[in-house]
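Here the structure is laid out as structure tokens; the discussion comes afterwards.
So you know, we letter chains A, B, ... as the sequences are listed, proteins then strands, and number each from 1.
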Protein chains: 2
Amino acid sequence: MSDDLAARLREQGLRLTPQRQLILRAVEELGHATPDDVLAHVRSQVSSVNASTVYRTLEVLEELGLVRHTHLSDRAPTYHSTTEHEHVHVVCRRCHAVRSYDPSLVGPLVAALSEDGFTVDVGHLAIFGECAECAASSERNAIARTLSKE
Amino acid sequence: MSDDLAARLREQGLRLTPQRQLILRAVEELGHATPDDVLAHVRSQVSSVNASTVYRTLEVLEELGLVRHTHLSDRAPTYHSTTEHEHVHVVCRRCHAVRSYDPSLVGPLVAALSEDGFTVDVGHLAIFGECAECAASSERNAIARTLSKE
DNA sequence: CTGAATGCAAACATTTTGCATGGAT
DNA sequence: ATCCATGCAAAATGTTTGCATTCAG
């Protein structure tokens with residue numbers, strides 16, 4: 001995988017540096033990580049890596065197609081490795097649980113938009129809503145409230 | 001519409017202020033506006049409205065169900081009025097054009113996830129990708145590049 | 001009058017930029 | 001030796017917070 005890094009960098013006349021290797025590895029190991037997560041992880045191994053390097057490197061890695069980002073919260077974006085198979089993110093806004101789904105989940109959507117000539121970026125998709133558990137618990141609370149008023 | 005504002009505020013023991021009216025009106029008039037857009041628009045009519053008031057008010061208006069927000073870029077969120085019928089946002093990452101689609105576009109997706117007990121927040125959905133026009137123009141460029149190399 | 005809402009300033013979180021230095025090729 | 005990449009510091013961007021003041025109810 002990291003051979004990929006060297007190869008792709010070379011293709012573009014870019015250079016292989018320890019930081020770039022570490023940052024790519026961090027993304028691969030962390031799963032869904034914000035730039036800050038990546039920074040912390042890299043720093044736990046090697047001191048003195050700079051935040052701006054993380055930002056610049058994530059940008060490069062994304063251009064090379066080695067990582068991708070999505071927005072799983074209203075805050076910082078999260079990056080993940082493209083060695084994972086492509087997936088759609090489904091996020092519960094209440095408990096913040098993130099589940100990954102097979103791209104076939106949005107097959108009909110992709111098909112419908114492709115009729116308009118639009119190509120969906122499936123890997124970037126984040127679908128927000130409320131998960132089963134949270135719906136159940138908030139329903140329980142509503143019932144409890146009702147009962148206590150009687 | 002603004003009667004709604006007064007009514008809903010009262011329900012919650014909150015107060016009707018000129019700022020709240022202006023900010024709601026701004027969102028309605030602007031369509032898809034960032035907090036900063038809203039601030040600028042309101043200030044063009046009345047001087048001295050504060051950014052923090054805009055943030056706090058948008059939060060209140062969203063809790064009251066009068067506005068909604070989505071993320072149409074990697075930058076600031078955009079707010080729109082809920083008097084518009086609910087819609088799904090489709091965004092071209094290249095030309096940044098935003099098209100609104102009927103929620104039926106994601107009907108199958110909503111149905112599939114509801115089988116897992118997950119309720120999709122359709123109005124918050126933003127689907128990124130590349131539109132027909134941009135695909136066509138980038139293809140033209142690719143061909144032009146190829147030809148010039150021969 | 002009372003407490004909710006505003007303005008202001010400062011803090012905070014995240015990201016970007018310019019520039020000198022360092023290091024990969 | 002070249003010039004890309006890094007570190008550092010400062011600035012830019014977007015948002016939140018505490019507190020005194022104001023004003024809606």
Side-chain angles (χ1 to χ4, degrees), chain A residues 2-3 5-27 32-43 45-64 66-67 69-79, chain B residues 2-3 5-27 32-43 45-64 66-67 69-79:
Chain A
S2 294
D3 315 331
L5 176 56
R8 306 236 191 163
L9 285 169
R10 215 173 308 119
E11 277 174 28
Q12 309 291 321
L14 301 178
R15 293 172 184 175
L16 180 63
T17 67
Q19 286 89 335
R20 284 176 175 174
Q21 301 181 70
L22 287 167
I23 290 168
L24 176 56
R25 182 136 33 97
V27 172
H32 287 116
T34 64
D36 211 55
D37 294 336
V38 171
L39 180 61
H41 191 252
V42 172
R43 275 190 173 153
Q45 307 174 319
V46 179
S47 59
S48 124
V49 176
N50 199 270
S52 54
T53 299
V54 172
Y55 284 105
R56 288 191 274 230
T57 299
L58 289 172
E59 196 179 331
V60 169
L61 294 178
E62 189 154 32
E63 278 163 11
L64 296 180
L66 297 172
V67 306
H69 83 274
T70 38
H71 300 272
L72 266 29
S73 76
D74 286 354
R75 297 287 186 156
T78 62
Y79 287 78
Chain B
S2 296
D3 315 331
L5 176 56
R8 307 238 191 161
L9 286 169
R10 215 172 309 120
E11 277 173 28
Q12 309 292 321
L14 301 177
R15 293 171 185 179
L16 180 62
T17 66
Q19 287 89 335
R20 284 175 175 174
Q21 300 182 71
L22 288 167
I23 289 168
L24 176 56
R25 182 134 33 97
V27 171
H32 287 116
T34 64
D36 211 56
D37 293 336
V38 171
L39 179 62
H41 191 252
V42 171
R43 274 191 173 151
Q45 308 174 319
V46 179
S47 58
S48 124
V49 177
N50 199 271
S52 55
T53 299
V54 171
Y55 284 105
R56 289 192 273 230
T57 299
L58 289 172
E59 196 179 329
V60 168
L61 295 178
E62 190 154 31
E63 278 163 11
L64 296 180
L66 297 172
V67 306
H69 83 275
T70 38
H71 299 272
L72 267 29
S73 77
D74 287 353
R75 299 289 187 152
T78 62
Y79 287 78

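Considering only side-chain N and O atoms, A:Tyr55 lies nowhere under 4.0 angstrom from the phosphate OP1 or OP2 of C:dT16. At the phosphate of C:dT14, neither OP1 nor OP2 sits under 4.0 Å from any side-chain N or O atom of A:Thr34. Under 4.0 angstrom from either OP1 or OP2 of D:dG7 there lies at least one side-chain N or O belonging to A:Thr53. Taking side-chain N and O atoms only, B:Gln19 has no distance below 4.0 Å to OP1 or OP2 of D:dC23.
Panel note: side chain B:Arg43, backbone B:Val49; a donor-acceptor pair is recorded below 3.5 Å.
The base of D:dC8 lies close enough to the side chain of A:Ser52 for a donor and an acceptor atom to sit less than 3.5 Å apart.
B:His32 and B:Asp37 are not linked by any side-chain donor-acceptor pair at a separation below 3.5 angstrom, with hydrogens and angles left out of the test. With no hydrogens or angles considered, a side-chain donor-acceptor pair links B:Ser52 and B:Asn50 at under 3.5 Å.
Both B:Arg75 and B:Ser48 lie close to DNA chain C; mapped to their nearest nucleotides by heavy-atom distance, the more 5′-ward contact belongs to B:Ser48. The residue among B:Arg56 and A:Ala76 whose nearest nucleotide of DNA chain C is located toward the 5' end is B:Arg56. Looking at which nucleotide of DNA chain D each of B:Asp36 and B:Leu14 is closest to, the 5′-most match is held by B:Asp36.
Across all strands shown, B:Arg20 has heavy atoms under 4.0 Å from sugar-phosphate atoms exclusively, and none from any base.
One can place CG of B:Asn50 at 15 Å from P of D:dT22, the figure rounded to the nearest angstrom. Computed from coordinates, the B:Arg15 CZ to C:dC1 P distance equals 16 Å when rounded to whole Å. Distance, A:Leu9 CG to D:dT6 P: 10 Å, rounded to whole Å. The nearest whole Å value for the distance from the CD atom in A:Gln12 to the C1' atom in D:dA5 is 16 Å. B:Glu59 has its CD atom 15 Å from the C1' atom of D:dG14, to the nearest Å. Rounded to whole Å, the distance from CG on A:Leu22 to P on D:dA5 is 16 Å. Computed from coordinates, the A:Arg10 CZ to C:dT25 P distance equals 8 Å when rounded to whole Å. Taking atom CG of residue B:Leu58 and atom P of nucleotide D:dG14, one finds them 14 Å apart after rounding to whole Å.
Only one option out of B:Leu22, B:Ile23, B:Val27 pairs with B:Arg25 in a side chain to side chain contact (heavy atoms under 4.5 Å, CB included); it is B:Leu22.
Within the 4.5 Å cutoff, side-chain heavy atoms of B:Leu14 are placed close to those of B:Val60.
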